[in-house]
2 protein chains.
Amino acid sequence: MPYFRTQNDDHPYSPPKPLYEQVKSYVLKNMESGEWPAYFQLPSEHTLVREMGISRMTIHRALRELTQAGYLERIQGVGTFVAAPKKQPKKIELREIDDIIRSHGARHQCDVHFLQVEPIEPDAAAMMAMTAGEEVYRSYFVHRENGLPVMVEDRYVHPKFMPEYIETDFADTTADTHISKKFTQLSHSHVIQAAVSNAEINHFLELETTTACIVINRKSWLGDEIVSVARLVLPGNRIQLT
Amino acid sequence: MPYFRTQNDDHPYSPPKPLYEQVKSYVLKNMESGEWPAYFQLPSEHTLVREMGISRMTIHRALRELTQAGYLERIQGVGTFVAAPKKQPKKIELREIDDIIRSHGARHQCDVHFLQVEPIEPDAAAMMAMTAGEEVYRSYFVHRENGLPVMVEDRYVHPKFMPEYIETDFADTTADTHISKKFTQLSHSHVIQAAVSNAEINHFLELETTTACIVINRKSWLGDEIVSVARLVLPGNRIQLT
DNA sequence: GAGTGGTCTAGACCACTCC
DNA sequence: GAGTGGTCTAGACCACTCC
């Protein structure tokens with residue numbers, strides 16, 4: 001009856017898995033084999049306690065963890081069910097530019113074209129949820145990979161949240177890293193577009209002809225307040241996102 | 001002494017939070033206030049049991065869940081510590097094109113330009129981990145938002161995994177949705193680039209001039225085997241990723 | 001040996017659902 | 001009222017670390 005509590009005799013020195021892990025494996029195995037398909041009602045905790053000879057708290061922990069992981073759904077007073085198949089969202093991670101460059105085995109370098117206080121213009125004010133003419137910090141960086149420009153970063157920062165921003169030395173750090181270090185609770189939203197380069201971008205990226213670029217608009221939020229907005233422009237022929 | 005077990009007198013009808021949730025809140029509150037900074041060693045379970053008048057299993061559950069969530073780190077025989085601040089990765093979700101279009105309140109439509117068996121060409125073979133000349137399924141779709149073309153989808157599918165692919169009716173579903181339904185364990189990798197449209201893309205997207213486009217290369221994996229590779233081309237002036 | 005966290009038990013009381 | 005899952009306890013044994 002206690003067919004659990006298995007020792008692994010092939011590897012006598014490996015410690016046995018905890019009972020709750022064995023229960024989790026047992027449930028997952030039944031799901032994978034098709035024995036317990038989607039929407040199937042599992043045996044009750046009480047039944048599993050009897051059948052497996054394991055105490056209810058241990059059974060409960062296993063089922064709770066599988067529920068937290070999305071494999072099961074539990075309804076008090078009703079029962080435990082195999083969760084409906086959920087299509088996992090296709091996500092990509094937007095890594096920091098210096099990370100990307102270093103992962104190429106290349107040298108990252110950042111030119112600070114300006115870092116100043118200015119009255120915010122109406123369209124930027126709308127993005128920052130500020131009123132036109134208010135003072136805002138603005139920075140304009142060009143990031144280079146082994147000397148070759150690969151990204152323009154045009155950024156607005158709300159002085160309320162980061163009064164020290166315009167006095168920061170960005171030789172060793174990037175603006176994103178700096179902001180993320182200060183606010184660990186930061187969240188981000190992004191809009192990604194493609195556009196051809198204009199004269200300004202051609203100049204700063206040292207492009208000779210009009211070039212297709214990836215344009216990322218990144219807003220950084222602290223709760224429902226906007227800390228910073230950045231427009232990142234990457235030439236499509238020099239760099240890609242993975 | 002049992003300063004926990006608080007009833008919320010302002011909302012007398014709301015049930016009190018479970019004790020383990022109260023312990024979690026207590027720990028998080030101390031972390032947020034700066035009382036317990038990063039790397040701080042928390043009181044031991046035994047101490048918390050004494051101080052809070054709550055049983056060890058309940059204390060343990062609270063600390064375990066905070067550990068799983070990344071707030072704490074625990075070392076057996078040593079203690080419990082506030083985790084080092086972790087910068088959360090900046091992720092974006094690549095939603096299905098029909099989802100995006102429908103979220104605009106628009107009508108999605110898909111033209112099937114071809115859906116056929118062909119001998120795979122060398123460069124596509126390399127992407128699919130097949131050998132040149134092997135038979136592969138290839139489809140070429142144009143997705144439209146209220147009639148306007150917004151995405152070209154040029155896709156290779158491995159016949160071994162999806163023998164039924166070329167007989168599928170893509171009037172009601174998209175290839176991605178179809179593949180994801182069949183294989184719930186699918187994982188994906190993406191490369192995103194910007195490029196200007198060529199004559200082929202101009203034709204299928206009904207573009208009159210050369211246009212900057214987002215190009216997404218999506219590989220779909222089942223374990224370490226490639227099921228499908230798709231090249232998605234989206235005109236930058238008609239659609240964006242959020 | 002003292003202190004830490006990791007696991008497990010047998011039992012309890014409860015809210016909830018279904019009949 | 002019977003059955004379900006949600007929580008909580010008091011106690012136990014253990015592996016591990018540090019001295």
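Reminder, nothing fancy here: chain letters follow the sequence lines and each chain counts from 1. Just so it is clear, the structure is predicted and the values come from calculations on it, not from any experiment.
- For B/Leu72 and C/dT4, the CG to C1' distance is 15 Å, given to the nearest whole Å.
- A straight line from CZ of B/Arg74 to C1' of C/dT7 spans 12 Å, rounded to a whole angstrom.
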### Task
Please lay out, stage by stage, how B/Glu225 and B/Lys160 fare under the test side chain to side chain contact (heavy atoms under 4.5 Å, CB included).
CA-CA 11 Å; B/Glu225 294 197 286; B/Lys160 182 173 70 175; 3.2 Å; yes

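- Distances shorter than 4.0 Å separate some side-chain N or O of B/Ser44 from OP1 or OP2 on C/dT4.
- Comparing atom distances between the A/Val78 side chain and each of C/dG6, C/dT17, D/dG11 picks out C/dT17 as nearest.
- B/Lys86 forms a cation-pi arrangement with B/Tyr71, by the criterion of a distance under 6.0 Å to the ring centre and an angle within 45° of the ring axis.
- Here A/Glu145 does not pair with A/Arg107 in a salt bridge; the nearest charged N to carboxylate O distance is not below 4.0 Å.
- Here the P atom of nucleotide C/dC14 and the NE2 atom of A/His60 are 18 Å apart, to the nearest Å.
- With rounding to whole Å, A/Gln22 atom CD is found 12 Å from C/dT7 atom P.
- Here the CD1-CZ distance, from A/Ile59 to A/Arg50, works out to 11.5 Å after rounding to the nearest 0.5 Å.
- Look at A/Tyr20 and you'll find a side-chain N or O under 4.0 angstrom from OP1 or OP2 of C/dT7.
- Taking the charged nitrogens against the carboxylate oxygens, B/Glu45 and B/Arg56 do have a contact shorter than 4.0 Å, which makes a salt bridge.
- In this structure, the CG atom of B/Leu63 is 14 Å from the P atom of D/dC8, given to the nearest Å.
- Evaluation of atom-type donor-acceptor distances gives no pair under 3.5 Å for the side chain of B/Arg61 against the base of D/dG6.
- At whole-Å resolution of the value, CG in B/Leu42 and P in C/dG5 are 9 Å apart.
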### Summary
Symbol by symbol from the 5' end, with Watson-Crick or G-U pairs under 3.5 Å, [ ] crossing and | another strand, DNA chain D is ||||||||||||||||||.

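- Between A/Ile59 atom CD1 and D/dG5 atom P there is a gap of 11 Å when expressed in whole angstrom units.
- Distances shown here put every side-chain N or O of A/Arg64 at or beyond 4.0 Å from the OP1 or OP2 atom of D/dG6.
- An OP1 or OP2 oxygen of C/dG11 is reached within less than 4.0 angstrom by no side-chain nitrogen or oxygen of A/Ser55.
- Taking only side-chain nitrogens and oxygens, A/Thr80 never comes nearer than 4.0 Å to OP1 or OP2 of D/dT4.
- Distances were taken from every side-chain heavy atom of A/Leu19 (C-beta onward) to each of D/dG5, C/dT9, C/dG6; the shortest belongs to C/dT9.
- Using bins of under 30°, 30° to 60° and over 60° for the plane-to-plane angle, the ring pair A/His143/A/His108 lands in the parallel bin.
- Within 6.0 Å of the OH atom in B/Tyr39, the count of heavy atoms belonging to other residues, nucleotides or ligands does not exceed 12.
- Rounded to whole Å, the distance from CD on A/Glu73 to C1' on D/dT4 is 16 Å.
- B/Arg56 contributes a side-chain N or O that forms a donor-acceptor pair with the base of C/dG6 under 3.5 Å.
- Along DNA chain C, the nucleotide nearest to A/Gln76 and the one nearest to B/Ile75 differ in position, and the one closer to the 5' end is contacted by B/Ile75.
- An OP1 or OP2 oxygen of C/dT4 is reached within less than 4.0 angstrom by no side-chain nitrogen or oxygen of B/His46.
- Atom-to-atom distance recorded for A/Leu28:CG and A/Ser33:OG is 11.0 Å, nearest 0.5 angstrom.
- Checking D/dC18, D/dT7, D/dG5 against the side-chain heavy atoms of A/Glu45 singles out D/dG5 as nearest.
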